[in-house]
Amino acid sequence: MTRRETYLDWNATAPLRPEAQAAMVAALARCGNASSVHDWGRAARHCVERARETVAGLVGAAPEGVVFVSGGTEANHLALLGSGRERILVSAIEHGSVLQAAPGAERIAVDRDGIVDLARLEAQLAADPRSALVSVMLANNETGIVQPVADIARLAHARGALFHCDAVQAAGKVPFTDDEIGADLISLSAHKLGGPPGIGALVVTGNAEVSAMIRGGGQERGRRAGSENLPGIAGFAAAAEAALAGIAEYARIGRLRDALEAAALGAAPRAVVIGAGMRRLPNTSALALPGAPAETQIIALDLDGVMVSAGAACSSGKVGPSHVLEAMEVPPDIAAGTIRISLGWTTDAADIAHFLDAWTALARRLAQPRPARAA
Ligand code: PLP
């Protein structure tokens, strides 16, 4: 009998959508640099510009604002380092690619629900008149908690600051437009929504401008040099189109996630759902089993064919204390026992049952008192 495998780590990366694969194979089969003026070059250019329109459509933006980059990490770097602002303020729960792009940035605190403290942000902005950029993610990769980004944008704009929003996890899972979230700069990544890894975009709206970090060619309207990654861009656009068309599927995914959490809490009453009751991405669950280290849970689940993560495992593959849970002041035993379960469009009830079988058996095993060691 083949071993059942259940993938519940979609926030780390999602499987390539067949539409994206087909678009990439077609793009790989053609030759032509989008900067060349001849026929093949123009065909490549046409492909890039069509993709730009599609990706812009994902967030309701103008195509001219889309800068294709190598992924969410680069998009975040370009936003923070290319904005030319004197002050950078980032929330304490941002992805490492924001926190480490500007290590000297001022931190914006979050409350115990994981929500940015708006009053503190307003005071921070008022305390220093220098030009600023505020960076707050739309939804957190570890907990799925959604930030009040429109309010944050209003506060930032009232003080003349730019607002950058890392929408890498939210894009394709919850509908939004650049107008609704009020962001001047938006980071996107293809592999979180069914495109290939290694391609993403920074969307620059009409209010902002960025100067290139990578120079040496005039590509991407001078904002990012280097021959365009045509297969990646084509795959990104096809995935974005499919994600947008399938976004209603997240209602079903949300019901599966809720059923998983209810069953887990029923089976192990000491378990905790981080951010329960908050507005969250419908596919994400941060589930804690206090006293059971996340690494132990992940390894045990993996042995049973269930793949999940702890915290931001996509960054290092290592399990360490989560800065997100620390910023939310989650007690250390709960934080250390938190795993991230993230669902996607192929997840079904059988996957949830597989997870629950493996996880509840583990919870029961870990709850049993250890036999005393022989003297
Ligand atoms: N921002 C968030 C919120 C993420 O979750 C990730 C990846 O996990 C990134 C940025 C980085 O994206 P990429 O892997 O495309 O560099």
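Both counts, for ligands and for their atoms, begin at 1 and track the order of listing.
- Of the charged side-chain nitrogens involved, at least one lies within less than 4.0 Å of a carboxylate oxygen, so that Glu220 and Arg52 count as a salt-bridged pair.
- Heavy-atom proximity to Gln169, at under 4.0 Å, picks out these atoms of ligand 1: 3 (C), 4 (C), 5 (O).
- Remark: distances from the non-hydrogen atoms of Glu74 to ligand 1 are all 4.0 Å or more.
- Note on Glu329 versus Arg112: salt bridge recorded, some NZ/NE/NH1/NH2 to OD/OE distance being below 4.0 Å.
- With sequence neighbours excluded, the residues satisfying side chain to side chain contact (heavy atoms under 4.5 Å, CB included) with Ala92 are Ala327.
- Of all the atoms in ligand 1, the ones that sit under 4.0 Å from a non-hydrogen atom of His191 are 13 (P), 14 (O), 15 (O).
- On a distance-only criterion, Thr73 and ligand 1 share at least one N/O pair closer than 3.5 Å.
- Listed by number with element, the atoms of ligand 1 under 4.0 Å from a non-hydrogen atom of Met137 are 3 (C).
- The Gly71 neighbourhood of ligand 1 comprises atoms 15 (O), with distances under 4.0 Å to a heavy atom of that residue.
- Salt-bridge check for Glu53 with Arg50: failed, with every basic side-chain N at 4.0 Å or more from each acidic carboxylate O.
- Ligand 1 places these atoms under 4.0 Å from at least one heavy atom of Ser189: 13 (P), 15 (O).
- A ring-ring contact (aromatic ring centres under 6.0 Å, His included) check over residues 333-353, counting only residues at least two apart or in different chains, returns the pairs Trp10-Trp345.
- For ligand 1, the polar-atom distance check finds an N/O of Gly72 within less than 3.5 Å of one of the ligand's N/O atoms.
- Ion pairing between a basic and an acidic side chain is recognised when a charged N comes within 4.0 Å of a carboxylate O; Asp113 and Arg279 show no such pairing.
- For ligand 1 and Asn76, the ligand atoms under 4.0 Å from any heavy atom of the residue are 1 (N), 10 (C).
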- Item | side-chain hydrogen bond (donor to acceptor under 3.5 Å, both in side chains) between Ser187 and His164, worked out | CA-CA 8 Å; Ser187 296; His164 164 245; 2.8 Å; yes
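- Residue Ser97 places a heavy atom less than 4.0 Å from ligand 1.
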